[in-house]
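Every heavy atom of this structure was used, including side-chain atoms; hydrogens, water molecules and symmetry mates were not.
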Amino acid sequence: MIVGSSCTQTNGPTTDTDANAADVTFNRDVAPIIFANCSKCHRPGEVAPFSLLTYDDVRRRAKQIAEVTRRRFMPPWLPQPEHGEFAGARRLSDHDIDTLARWAASGAVEGNAADLPPAPAFVDGWQLGPPDLVLESPPYTLVAGGGDEFRNFVIPIELTSPQWVESIELRPVNPRVTHHARLGVDRTYESLRRDAEDDAPGYEGMAWGQDPDGQLVSWAPGMVARRGTPGAAWRLYPKTCLVLHTHMQPSGKQEAVQFRVGIHFAEQPPDEQPVMLRIGSRDIDIRPGESHHVVADEFVVPVDIDVHSIFPHAHSLCREMHVVAKLPDDSQQPLVWIKHFDENWHDNYRYVEPVRLPRGARLVSTFVYDNTDANVRNRNHSPRRVVYGSNVADEMADVYLQVTAVRPDLRAVLMEDFEQRELRSQIVGFGKTLEMYPQDPWSREGLAACYLALGNTAEAIRLLEERLAIGQLAVHSVVALGMACNKGGDYPRAEELCRQALSMDAEYPLAWLGLGRAFDGQRKVHEAADAYRRAAQIAPALTDAQLSLADNLLKQGELKEAAAACQAAIEISPD
């Protein structure tokens, strides 16, 4: 090579791309792309590690942006094209990617200030705009070390009348130590009792009430908040606690943890009631060294349905997931295909238009796992056996679908069919978890609840007795065994257990409810009525107490008071 001031060496003729590269500016060409696709996550307080809100922010990372968008690593959008048409897809066009590349190659020119579009506006950090009601979980300090921590934070909410909820946005103050969060509702005040038993804010475990009817209110890294399904609001009742279930991972130093909950109320009642289906096998058992372990599952829908959204979930070993509907005419309807799964970029994908599936369609999910050292995301080096479970070192194969029955009168048929299947699936999953963690009290309680719901009372009682024999004695575990004895017809033992629970906590509504049922089973109708009244007094939204009281009073011929108990239940639960 000859180097001198009098000559210039080029690598070839100048192309149109080279000539046009200098015409690309940040203000006119790049800022609209960044503001629309990147700034929502790349800003202070969000999960992304740096901001992309100004020219200087973007200029400093111009080459990096060009590279990660060329590889389609950013913006994070996992679904493959033509496998579901989703609202808000963050997939850049070829033209956008080329624009970013040409801008970086030409020196990242700022351009004319008059061309700069307005910066994106974020209201107090809320992606959906100002909420109608903002709540906060209590502040909590996550310890520096140790394993995964599952903690539930109780958020009481004061309503004077039922409200329809359109959507809820969850916002962690410290997203980097939060694996996921999920919001439940508790009308029994059980969460308050467990919170009171724990010295720290919230309480440990996997019991966080129930998901709102037909909804999945959750947060995971990379998830973008979206409005609820149009016309499918859900009812939030007075005297209800919200319970935020969190899965946290220590970072090596003490971390402050807190969540904000933004509630958007609907302007009108819903037109339809969705159902949340979960498909995906819990029979997961991956041997170390397996590079292509496949887990599959299917569910045959018993009625015609419309699918509104889909949320696939797995952990670090998962490499690929595929969900299709196999139709009765042997054709297939693709629902989602994620070829390169990354647990750091979950999302709940909503279809642009609901996907109509006929009765008899088979929802089929397939997950592929890599449990080798070649998987850079494998948390275990050397690899170890991995089974179904909630810890980050365990695995899952969950697909949540929000659906509605095409004929609303058949919703109950869909619910009954799915719930029986889900209970059997949970039994498999809890069993796998207990193989790996035999002292896990939460899985033992969950397994007992499944057997109880399926009518296998003897097995439920055995598991709950084992639960009481391990770990710290907890009042809710005593009550759970008492309730199981009630269902099994052993009313004297149920009475004894509920009295024991009340000696531990005299204000425990479920213990009073269980005691009432034990009295009723022994034909002690007056004592039972008093116990039901006490349960309803402590937890007014516990409609089971009001309805049990009404049934008791009917047996006594006290029709007026029975009607009043029914009316009280209706006022709390109009549905």
Side-chain angles (χ1 to χ4, degrees), residues 21-78 87-131 134 136 167 169-178 219-227 251 255-256 258-262 264 342 344-348:
D23 294 335
V24 181
T25 72
F26 174 80
N27 290 338
R28 184 186 63 232
D29 307 293
V30 173
I33 300 172
I34 298 295
F35 290 170
N37 298 281
C38 310
S39 298
K40 181 173 284 189
C41 293
H42 284 271
R43 57 190 173 94
E46 286 297 326
V47 68
F50 51 81
S51 289
L52 293 176
L53 293 174
T54 68
Y55 166 68
D56 284 338
D57 290 341
V58 182
R59 176 188 56 79
R60 284 195 295 268
R61 296 179 170 83
K63 292 183 179 179
Q64 179 186 2
I65 292 169
E67 175 60 19
V68 297
T69 54
R70 181 189 67 78
R71 293 191 289 116
R72 294 193 180 275
F73 181 71
M74 287 283 161
W77 185 256
L78 302 183
R90 298 190 300 272
R91 190 180 290 114
L92 293 183
S93 67
D94 291 341
H95 178 267
D96 289 342
I97 293 172
D98 179 62
T99 298
L100 295 171
R102 289 191 294 125
W103 179 68
S106 65
V109 176
E110 182 174 11
N112 189 337
D115 294 335
L116 182 65
F122 303 104
V123 182
D124 194 24
W126 297 105
Q127 296 181 8
L128 300 180
V134 176
E136 291 185 345
S167 54
E169 183 177 346
L170 304 180
R171 293 192 55 77
V173 173
N174 192 347
R176 285 177 291 278
V177 297
T178 307
W219 179 92
M223 183 176 289
V224 175
R226 292 187 176 88
R227 296 283 182 181
S251 67
E255 299 274 7
Q258 192 172 22
F259 282 79
R260 304 183 73 201
V261 180
H264 296 261
D342 183 347
N344 293 314
W345 293 108
H346 282 89
D347 214 335
N348 191 356

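- Interatomic distance, NZ of Lys63 versus CH2 of Trp103, reported as 12.0 Å (0.5 Å rounding).
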Please determine whether side chain to side chain contact (heavy atoms under 4.5 Å, CB included) holds for the pair Tyr55 and Val30, giving the CA-CA distance in whole Å, both sets of side-chain angles, and the decisive distance to 0.1 Å. CA-CA 9 Å; Tyr55 166 68; Val30 173; over 6 Å; no

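- With rounding to the nearest 0.5 Å, the separation of CZ in Arg226 from CG in Leu128 is 10.0 Å.
- Across all their heavy atoms, Ile34 and Leu52 have their closest contact at CG2-O, 3.6 Å.
- A donor-acceptor pair under 3.5 Å links the side-chain atoms of His42 to the main chain of Phe50, judged by distance alone.
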Quick one, Ile33 with Thr99, criterion side chain to side chain contact (heavy atoms under 4.5 Å, CB included). Give me CA distance, side-chain angles, the key distance, then yes/no. CA-CA 9 Å; Ile33 300 172; Thr99 298; 4.1 Å; yes

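- Remark: Gln64 CD to Phe73 CZ distance equals 10.0 Å, nearest 0.5 Å.
- Residue Arg60 holds its CZ atom at 10.5 Å from CD1 of Ile65, rounded to the nearest 0.5 Å.
- The structure places CZ of Arg227 at 5.0 Å from NE2 of His264, a figure rounded to the nearest 0.5 Å.
- The nearest pair of heavy atoms linking Asn27 to Pro32 is O-CD, 4.1 Å.
- Contact detail for Phe35 and Ala119: the closest heavy-atom pair is CE1-CA, 3.9 Å.
- In this structure, Leu116 CG and Phe26 CZ are separated by 6.0 Å, a value rounded to the nearest 0.5 Å.
- Shown here for Leu53 and Pro120, the closest heavy-atom pair between the two residues is CD2-CG, 4.4 Å.
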Derivation and outcome, side chain to side chain contact (heavy atoms under 4.5 Å, CB included), residues Leu170 and Val261: CA-CA 5 Å; Leu170 304 180; Val261 180; 4.0 Å; yes

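- Residues Gln258 and Asn174 are not in side-chain contact: their nearest non-hydrogen atoms beyond the backbone lie 4.5 Å or more apart.
- Inter-residue side-chain proximity for Pro76 and Arg90 is flagged as met; some heavy-atom pair is nearer than 4.5 Å.
- Taking the charged nitrogens against the carboxylate oxygens, Asp57 and Arg61 have no contact shorter than 4.0 Å, which rules out a salt bridge.
- Between Asp29 and Arg102 there is no salt bridge, since no side-chain nitrogen of the basic residue lies less than 4.0 Å from a carboxylate oxygen of the acidic one.
- Here the closest heavy-atom approach between residue Arg43 and residue Arg171 is recorded as NH2-NH1, 4.5 Å.
- Ionic pairing of Asp94 and Arg72 is present here: one or more N-O contacts between side-chain nitrogen and carboxylate oxygen are shorter than 4.0 angstrom.
- In this pair, Phe259 and Trp219 present their aromatic rings perpendicular. The plane angle is above 60°, beyond the 30 to 60° band.
- In this structure, the side chain of Arg59 does not engage the main chain of Val109 through any donor-acceptor pair within 3.5 Å.
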Please evaluate residues Arg260 and Val134 with respect to the criterion side chain to side chain contact (heavy atoms under 4.5 Å, CB included), reporting the C-alpha separation (whole Å), side-chain torsions for both, the decisive distance (0.1 Å), and the verdict. CA-CA 7 Å; Arg260 304 183 73 201; Val134 176; 3.6 Å; yes

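- Taking both residues in full, the closest heavy atoms of Arg91 and Trp77 are given as NH2-NE1, 3.1 Å, listed atom of the first, atom of the second, then distance.
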